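Remember, predicted model here, so these are calculated numbers, not experimental data.
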Amino acid sequence: MAAKEGHKASLDTLSPDIRKSGLFGGARASTKQLTGSRQSFTRSTLNMYNPTGKDPTIQPPKVLYEPTYKMKPDVKFSAAKVEKVAQQALEENLKDMKYARETCRQMTVTLTELIRNRVKELKYERYKIICVVNIGSFNDQAMRMVSRGLWDPDTDTFASVSFQNDHLFANAVVYGIYWE
């Protein structure tokens, strides 16, 4: 009982030795195993779990979307809002603190993460937020901080705030760089 070329075989059309051998137990069996002829060997494989005959490993092509190339943001980075957030974070964490090298080093990392996360909550889409915090002791000295960067003056900006108490000073700068 050989299956004709192009027809799907059922368990009734299989030879008894193939049924006993387990070659057809959910796995693929070629038409050579089903019919025993070399002429039908060139036909495709048979899969009882996929009666449509389509290969389940072939995925449909993924849809590719074109880049938007938005050159201007929908909502601009507001330096005033960011200054309020940064000033509040500095005052909450440093108001009663005395300068100690190790604690201030850890506090700069903590404040940087805190300010950056609070600015991210303002949902400035496509903006890269960069935050830099410096803490120093009051010893009647002067300090000058400078930064340089290449940016678009229409979309990129920064917010800078300072804090001081009797023992230390702190400076936080938050840059909002539009990610085109």
Side-chain angles (χ1 to χ4, degrees), residues 25-28 44-45 47-180:
R28 294 179 177 204
S44 65
T45 59
N47 187 346
M48 290 305 289
Y49 290 119
N50 187 4
T52 60
K54 295 181 181 177
D55 190 0
T57 59
I58 297 176
Q59 302 274 331
K62 292 183 180 180
V63 178
L64 298 176
Y65 296 101
E66 293 291 324
T68 60
Y69 296 112
K70 285 177 73 173
M71 300 305 287
K72 301 291 178 194
D74 295 331
V75 177
K76 280 193 167 186
F77 189 85
S78 172
K81 288 181 184 178
V82 174
E83 283 175 0
K84 286 180 186 176
V85 168
Q87 189 68 40
Q88 182 182 12
L90 290 178
E91 289 173 0
E92 286 174 0
N93 292 288
L94 299 176
K95 69 178 166 188
D96 295 326
M97 188 173 184
K98 291 185 178 183
Y99 184 80
R101 183 196 299 175
E102 290 302 317
T103 57
C104 286
R105 181 169 46 162
Q106 183 59 39
M107 185 57 75
T108 58
V109 174
T110 304
L111 283 171
T112 301
E113 290 295 318
L114 177 69
I115 293 170
R116 190 170 57 111
N117 289 335
R118 286 187 183 178
V119 171
K120 282 184 178 182
E121 289 173 2
L122 297 175
K123 306 257 189 236
Y124 291 114
E125 292 182 5
R126 293 184 175 214
Y127 271 95
K128 184 170 187 154
I129 307 299
I130 302 166
C131 183
V132 179
V133 176
N134 294 306
I135 298 175
S137 66
F138 255 158
N139 290 332
D140 295 325
Q141 77 273 12
M143 181 175 171
R144 182 173 291 170
M145 294 173 34
V146 178
S147 64
R148 290 184 172 183
L150 182 63
W151 68 20
D152 182 3
D154 294 333
T155 57
D156 304 336
T157 189
F158 71 97
S160 178
V161 294
S162 296
F163 172 83
Q164 65 183 19
N165 64 17
D166 295 335
H167 307 285
L168 58 85
F169 67 92
N171 185 22
V173 182
V174 181
Y175 298 94
I177 311 297
Y178 187 65
W179 200 258
E180 299 172 351

(request) Show your reasoning for whether salt bridge (charged side-chain N to carboxylate O under 4.0 Å, His left out) applies to E113 and R116. (result) CA-CA 5 Å; E113 290 295 318; R116 190 170 57 111; 2.8 Å; yes
Beyond-backbone contact of [X] with [Y], side-chain heavy atoms, under 4.5 angstrom:
{"X": "S147", "Y": "V173", "answer": "no"}
{"X": "L111", "Y": "L94", "answer": "yes"}
{"X": "I129", "Y": "V82", "answer": "no"}
{"X": "M97", "Y": "T103", "answer": "yes"}
{"X": "L114", "Y": "N93", "answer": "yes"}

Atom pair [atom1] ([X]) and [atom2] ([Y]), whose distance is rounded to the nearest 0.5 Å:
{"X": "C104", "Y": "K98", "atom1": "SG", "atom2": "NZ", "answer": "12.5 Å"}
{"X": "W151", "Y": "T157", "atom1": "CH2", "atom2": "OG1", "answer": "6.0 Å"}
{"X": "L90", "Y": "F169", "atom1": "CG", "atom2": "CZ", "answer": "12.5 Å"}
{"X": "Q87", "Y": "K84", "atom1": "CD", "atom2": "NZ", "answer": "12.0 Å"}
{"X": "C131", "Y": "K120", "atom1": "SG", "atom2": "NZ", "answer": "11.0 Å"}

Residue pair [X] / [Y]: nearest heavy atoms and the distance that separates them:
{"X": "F77", "Y": "V119", "result": "CE1-CG1, 4.1 Å"}
{"X": "D156", "Y": "Y178", "result": "OD1-N, 2.7 Å"}
{"X": "F158", "Y": "A79", "result": "O-CB, 3.6 Å"}
{"X": "T112", "Y": "T108", "result": "OG1-O, 2.6 Å"}
{"X": "N171", "Y": "V161", "result": "OD1-O, 2.8 Å"}

Mark yes or no for whether [X], through its side chain, and [Y], through its backbone, hold a donor-acceptor pair below 3.5 Å.
{"X": "K95", "Y": "N165", "value": "no"}
{"X": "N139", "Y": "Q141", "value": "no"}
{"X": "Y175", "Y": "K128", "value": "no"}
{"X": "Y127", "Y": "T155", "value": "yes"}

So does [X] have more than 12 non-hydrogen atoms from other groups sitting under 6.0 Å from [atom1]?
{"X": "E125", "atom1": "CD", "answer": "no"}
{"X": "K70", "atom1": "NZ", "answer": "yes"}
{"X": "M143", "atom1": "CE", "answer": "yes"}

(request) Carefully, step by step, assess K72 and D152 under the rule side chain to side chain contact (heavy atoms under 4.5 Å, CB included). (result) CA-CA 10 Å; K72 301 291 178 194; D152 182 3; 4.1 Å; yes
